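Okay, so here's the structure we're looking at.
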Amino acid sequence: MKIASWNVNSLKVRLEHVLEWLDYEQPDILALQETKTLDENFPVDTINEAGYQVVFSGQKTYNGVAILSKEKATDIITDVPKLDDPQRRILGATINGVRVLCLYVVNGQEVDSDKYAYKLEWLEKVTDYIKVDHKQHQNYVVLGDFNICHTDADVHDPVAWKDRIFCSAAERTALQTILDLGFSDTYRQFEQASDSWSWWDYRGGNYNRNIGLRIDLILASKSLAEHCQRSIIDPEPRSWERPSDHAPVVATFEIEQ
DNA sequence: ATGGTCGGGGACCGA
């Protein structure tokens with residue numbers, strides 16, 4: 001079972017990229033973030049014609065999440081308890097017995113800003129939900145754009161980024177708290193090349209200079225993680241014309257479907 | 001060599 005995640009930075013602009021990528025990668029599940037698409041405008045027919053079903057939670061201009069899957073998604077959630085949030089950043093679904101939680105974590109702008117406080121509160125409420133929901137679903141994947149660099153290995157310049165947004169102690173602790181519920185960062189289960197990033201700033205030719213961050217993660221529950229055979233970042237679509245600033249990430253699990 | 005959205009200029013958000 002191949003499970004992927006991609007922040008597409010507007011599905012309208014990136015639809016052809018998504019279709020091209022689905023065609024060659026053939027994931028069973030693809031979680032999208034930053035679709036920036038109202039539900040009534042979601043390209044359901046085009047996705048269906050590509051062989052995928054889809055569920056989504058969108059809004060105008062900002063945020064928006066979706067889950068594409070070859071098999072049917074059930075038990076859809078778009079919100080978690082105690083988080084009354086108009087921002088569409090959360091989408092949970094069960095597919096082939098695997099609970100999938102797609103997250104577009106709050107950016108946070110700057111440490112100690114109002115948005116930073118919202119980021120930490122948002123993470124706390126989502127973590128509370130995962131803790132409860134995981135008890136009912138052994139095979140569980142939390143994936144998406146986390147907007148957190150877990151360790152200095154996930155940052156091109158840890159000195160410059162020290163204690164800044166994405167790298168603050170409170171953000172890293174929040175991510176560790178999710179991992180401590182029994183999740184594994186599948187990417188780090190395998191030996192990886194150094195300087196491997198999932199996001200590169202559009203500015204300054206940063207992709208060609210390989211200056212970036214690893215902020216797009218696929219976390220798997222213990223029962224799934226022990227069957228993870230591969231977890232990679234596919235940088236290729238970042239080199240395509242008019243790309244998303246994020247690359248897709250992919251994890252493969254050897255499990256009964 | 002800053003992109004996307006909304007809207008029709010430029011502000012806002014992003015990471």
Side-chain angles (χ1 to χ4, degrees), chain A residues 5-18 21 31-43 56-66 85-90 102-123 126 143-172 174-175 185 187 195-217 233 235 237-249:
Chain A
S5 176
W6 195 0
N7 179 324
V8 289
N9 188 18
S10 169
L11 183 57
K12 187 179 179 184
V13 174
R14 234 64 69 186
L15 185 56
E16 290 305 317
H17 282 202
V18 170
W21 190 79
L32 300 179
Q33 302 86 40
E34 284 208 272
T35 55
K36 301 186 177 179
T37 303
L38 282 167
D39 290 350
E40 56 259 46
N41 297 332
F42 201 93
F56 39 82
S57 177
Q59 67 180 90
K60 201 176 182 181
T61 310
Y62 301 120
N63 309 309
V65 281
D85 192 355
Q87 300 191 23
R88 303 291 81 199
R89 299 175 172 276
I90 298 169
C102 168
L103 300 179
Y104 174 46
V105 175
V106 176
N107 176 295
Q109 195 171 52
E110 193 179 340
V111 172
D112 294 335
S113 66
D114 289 348
K115 287 176 184 173
Y116 180 76
Y118 164 56
K119 181 178 195 173
L120 295 179
E121 191 205 344
W122 188 95
L123 283 162
V126 169
L143 78 175
D145 176 359
F146 282 73
N147 277 327
I148 300 171
C149 301
H150 187 221
T151 75
D152 283 353
D154 303 311
V155 192
H156 66 91
D157 186 348
V159 175
W161 282 83
K162 184 174 165 56
D163 297 331
R164 286 176 54 199
I165 195 69
F166 289 43
C167 298
S168 71
E171 289 166 275
R172 286 179 168 178
L175 175 51
D185 178 355
Y187 190 76
D195 298 319
S196 294
W197 322 120
S198 66
W199 172 85
W200 302 258
D201 200 315
Y202 285 118
R203 296 171 289 188
N206 276 12
Y207 178 68
N208 289 325
R209 297 198 290 156
N210 196 31
I211 293 173
L213 306 172
R214 191 180 74 96
I215 52 179
D216 299 274
L217 309 177
I233 300 166
R238 184 63 178 78
S239 70
W240 294 348
E241 193 177 339
R242 205 180 182 193
S244 168
D245 44 356
H246 294 252
V249 296

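In what follows, chains carry the letters A, B, and so on, assigned in the order in which the sequence lines appear, proteins first and then strands, with residues in each chain numbered from 1. In this text, all values refer to a predicted model and were calculated from it rather than measured experimentally.
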Spacing between [X] atom [atom1] and [N] atom [atom2], to the nearest angstrom:
X	N	atom1	atom2	result
A:Arg203	B:dT2	CZ	P	8 Å
A:Ile165	B:dC13	CD1	C1'	13 Å
A:Asn206	B:dT2	CG	P	10 Å
A:Asp145	B:dG4	CG	P	16 Å
A:Glu34	B:dG3	CD	P	15 Å
A:Lys36	B:dG7	NZ	C1'	16 Å
A:Gln33	B:dG4	CD	C1'	16 Å
A:Leu32	B:dG4	CG	C1'	16 Å

Contact under 4.0 Å: [X] side-chain N or O vs [N] OP1/OP2:
X	N	answer
A:Arg14	B:dG3	no
A:Arg89	B:dG14	yes
A:Lys115	B:dC13	yes
A:Arg242	B:dG4	yes
A:Ser10	B:dT5	yes

(request) Using the closest heavy atom to pick a nucleotide of DNA chain B for each, name whichever of A:Asp201 or A:Arg164 lands nearer the 5' end. (result) A:Asp201

(message) Taking the nucleotide of DNA chain B with the nearest heavy atom to each, does A:Val13 or A:Asn7 sit closer to the 5' end?
(response) A:Val13

(request) Tell me, with the steps shown, if A:Trp197 and A:Ile233 meet side chain to side chain contact (heavy atoms under 4.5 Å, CB included). (result) CA-CA 8 Å; A:Trp197 322 120; A:Ile233 300 166; 5.9 Å; no

(message) Any heavy-atom pair between the side chains of A:Trp6 and A:Leu32 that's under 4.5 Å?
(response) yes

(message) Within the 4.5 Å heavy-atom criterion, are A:Leu11 and A:Phe56 side-chain neighbours or not?
(response) no

Rounding to an integer number of angstrom, what distance separates [N] and [M] when you compare their [atom1] atoms?
N	M	atom1	answer
B:dT5	B:dA1	P	24 Å
B:dT2	B:dG10	C1'	15 Å
B:dG14	B:dG3	C1'	9 Å

NA contact type, [X], heavy-atom cut-off 4.0 Å: base, sugar-phosphate, or nothing?
X	result
A:Tyr104	sugar-phosphate
A:Phe166	base
A:His156	nothing

(request) Can you figure out which of B:dC6, B:dT2, B:dC13 approaches the side chain of A:Thr61 most closely? (result) B:dC6

(message) Only pairs with both distances under 3.5 Å count, Watson-Crick or wobble alike; so what is the partner of B:dG7 in this structure?
(response) none

(message) Tell me whether A:Asp114 at atom CG has more than 12 heavy atoms from other residues, nucleotides or ligands lying less than 6.0 Å away.
(response) no

(message) Just by distance, no angles: are the side chains of A:Tyr187 and A:Asp154 close enough, under 3.5 Å, to form a donor-acceptor pair?
(response) no

(request) Identify the residue among A:Glu34, A:Arg89, A:Arg88, A:Lys36 that makes a side-chain hydrogen bond (donor to acceptor under 3.5 Å, both in side chains) with A:Asn63. (result) A:Arg89

